[in-house]
Amino acid sequence: MKDDGRPLFAQIAEQIESLIVDGSLAEEAQVPSTNDLAAFHRINPATAAKGVNQLVADGLLYKRRGIGMFVATGARTQLLERRREDFARQYLAPLLVEARKLGIDAEQIKKMIDVWGDQG
């Protein structure tokens, strides 16, 4: 795990979320156990469990007694919606504020996106 100032359990939860979003963990797929996560990241199993339990509380994972944790149906859709909202809040809102300050209208922004999008 990288030391980016966020708690390790939050980093574990985000890592699992990313695996769900990119399709590496499909809906109804089994998630690595907290012991496996702890061993892989060299952290306390309780810390890994806290990250997994946060995803359970969010409705993204569910437990099958005696078997393990699994990705809930609809988890990817839920995460994509949340991440799109976060993207708009984090990137689009400030972009639009700055564009207004500079007198750039929506049509000009679209043209800029087309030009810059073709370069990526």
Side-chain angles (χ1 to χ4, degrees):
M1 303 282 0
K2 59 185 177 183
D3 184 13
D4 63 3
R6 290 179 306 129
L8 292 174
F9 78 88
Q11 293 180 51
I12 292 286
E14 185 175 297
Q15 180 185 48
I16 294 170
E17 286 179 355
S18 292
L19 292 171
I20 294 169
V21 167
D22 74 15
S24 297
L25 274 176
E27 293 180 354
E28 301 303 322
Q30 188 168 9
V31 177
S33 72
T34 55
N35 287 334
D36 289 343
L37 290 168
F40 180 79
H41 294 292
R42 298 179 185 190
I43 60 173
N44 186 311
T47 301
K50 188 172 180 181
V52 169
N53 289 334
Q54 179 61 54
L55 298 176
V56 171
D58 292 346
L60 301 171
L61 300 181
Y62 68 93
K63 183 176 186 173
R64 289 188 189 162
R65 191 174 188 100
I67 301 174
M69 296 290 186
F70 291 80
V71 179
T73 299
R76 185 170 188 271
T77 300
Q78 181 182 338
L79 284 168
L80 286 172
E81 288 174 12
R82 188 179 80 207
R83 286 191 175 189
R84 287 176 182 140
E85 290 171 10
D86 291 347
F87 176 84
R89 198 172 13 266
Q90 184 175 355
Y91 297 103
L92 292 182
L95 178 142
L96 295 173
V97 167
E98 186 66 17
R100 279 189 214 101
K101 289 179 190 175
L102 298 173
I104 300 171
D105 65 21
E107 195 57 41
Q108 290 171 305
I109 291 173
K110 289 176 190 173
K111 287 179 185 174
M112 289 177 174
I113 290 171
D114 287 341
V115 169
W116 285 94
D118 289 341
Q119 295 178 10

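These values consider heavy atoms only, across backbone and side chains, with no hydrogens, waters or symmetry-generated copies. What you see is a predicted model, and the numbers here were worked out from it, not measured in a lab.
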Check: What about Leu79 and Val31, same hydrophobic cluster or not, with Ile/Leu/Val/Met/Phe/Trp/Tyr joined at side-chain heavy-atom distances under 4.5 Å?
Finding: yes
Margin query: Is it the case that the side chain of Gln54 and the backbone of Ile12 share a donor-acceptor pair, with hydrogens and angles ignored and the cut-off at 3.5 Å?
Written below: no
Item checked: Which atom of Met112 lies closest to which atom of Ile104, heavy atoms considered -> CE-CD1, 3.8 Å
Note to self: To the nearest 0.5 Å, what is the distance between CD1 on Ile16 and CD on Gln11?
What the structure shows: 12.5 Å
Check: Out of curiosity, Phe9 CZ to Asn44 CG, how far, rounded to the nearest 0.5 Å?
Finding: 13.5 Å
Check: Yes or no on side chain to side chain contact (heavy atoms under 4.5 Å, CB included) for Asn53 and Met69, after CA distance, side-chain angles and deciding distance?
Finding: CA-CA 10 Å; Asn53 289 334; Met69 296 290 186; 4.1 Å; yes
Notebook entry, point to check: Are any non-hydrogen side-chain atoms of Lys63 and Val56 less than 4.5 angstrom apart?
Noted result: no
Checklist line | Phe70 versus Glu28, closest heavy-atom pair with distance | finding: CD2-O, 3.4 Å
Next item on the list: Report the distance from atom OG1 of Thr34 to atom NZ of Lys50, rounding to the nearest 0.5 Å.
Entry: 14.5 Å
Notebook entry, point to check: Is there a path of hydrophobic side-chain contacts, each under 4.5 Å between heavy atoms of I, L, V, M, F, W or Y residues, that connects Ile109 with Leu102?
Noted result: yes
Check: So, are Lys111 and Asp114 salt-bridged, with charged N and O less than 4.0 Å apart?
Finding: no
Note to self: Nearest 0.5 angstrom please: Gln108 CD to Asp105 CG, how far?
What the structure shows: 4.0 Å
Check: Is the count of non-hydrogen atoms from other residues, nucleotides or ligands lying under 6.0 Å from Arg42 atom CZ greater than 12?
Finding: no
Notebook entry, point to check: Roughly how far apart are Lys101 NZ and Leu96 CG, rounded to 0.5 Å?
Noted result: 12.0 Å
Check: Between Gly59 and Ala72, what is the shortest heavy-atom contact and its length?
Finding: O-CB, 3.5 Å
Next item on the list: Go through the steps for Asp86 and Arg89 under the test salt bridge (Lys or Arg N to Asp or Glu O under 4.0 Å), then give the verdict.
Entry: CA-CA 5 Å; Asp86 291 347; Arg89 198 172 13 266; 2.9 Å; yes
Check: Which pair of heavy atoms, one from Gly51 and one from Ala13, lies closest together, and at what distance?
Finding: O-CB, 3.6 Å
Margin query: Let me check something: do Val21 and Tyr62 share a hydrophobic cluster, defined by ILVMFWY side-chain heavy atoms less than 4.5 Å apart, either directly or through other members?
Written below: no
Margin query: Once side chain to side chain donor-acceptor pair (under 3.5 Å) is applied, do any residues pair with Asp22, and if so which ones, sequence neighbours excluded?
Written below: Ser24
Next item on the list: Could you walk me through whether Gln15 and His41 pass the side-chain hydrogen bond (donor to acceptor under 3.5 Å, both in side chains) test, one step at a time?
Entry: CA-CA 11 Å; Gln15 180 185 48; His41 294 292; 2.9 Å; yes
Next item on the list: Determine, step by step, whether Leu55 and Ile20 satisfy the side chain to side chain contact (heavy atoms under 4.5 Å, CB included) criterion, reporting the C-alpha distance in whole Å, the side-chain angles of both residues, the deciding distance to 0.1 Å, and the verdict.
Entry: CA-CA 11 Å; Leu55 298 176; Ile20 294 169; 5.6 Å; no
Next item on the list: Determine whether Leu95 and Tyr91 fall in the same hydrophobic cluster, where Ile, Leu, Val, Met, Phe, Trp and Tyr are linked whenever their side-chain heavy atoms lie under 4.5 Å apart.
Entry: no
Item checked: same_hphob_cluster(Trp116, Phe87) at 4.5 Å side-chain heavy-atom cutoff -> no
Notebook entry, point to check: Gln30 and Ile67: side chain to side chain contact (heavy atoms under 4.5 Å, CB included), yes or no, with the steps?
Noted result: CA-CA 9 Å; Gln30 188 168 9; Ile67 301 174; 4.2 Å; yes
Next item on the list: Kindly indicate, with the supporting measurements, whether the criterion side chain to side chain contact (heavy atoms under 4.5 Å, CB included) is fulfilled by Leu61 and Val71.
Entry: CA-CA 5 Å; Leu61 300 181; Val71 179; 4.1 Å; yes
Item checked: Which atom of Arg83 lies closest to which atom of Glu14, heavy atoms considered -> NH2-O, 4.0 Å
Check: What heavy-atom pair brings Pro32 and Leu37 nearest, and what distance separates the two atoms?
Finding: O-CD1, 3.8 Å
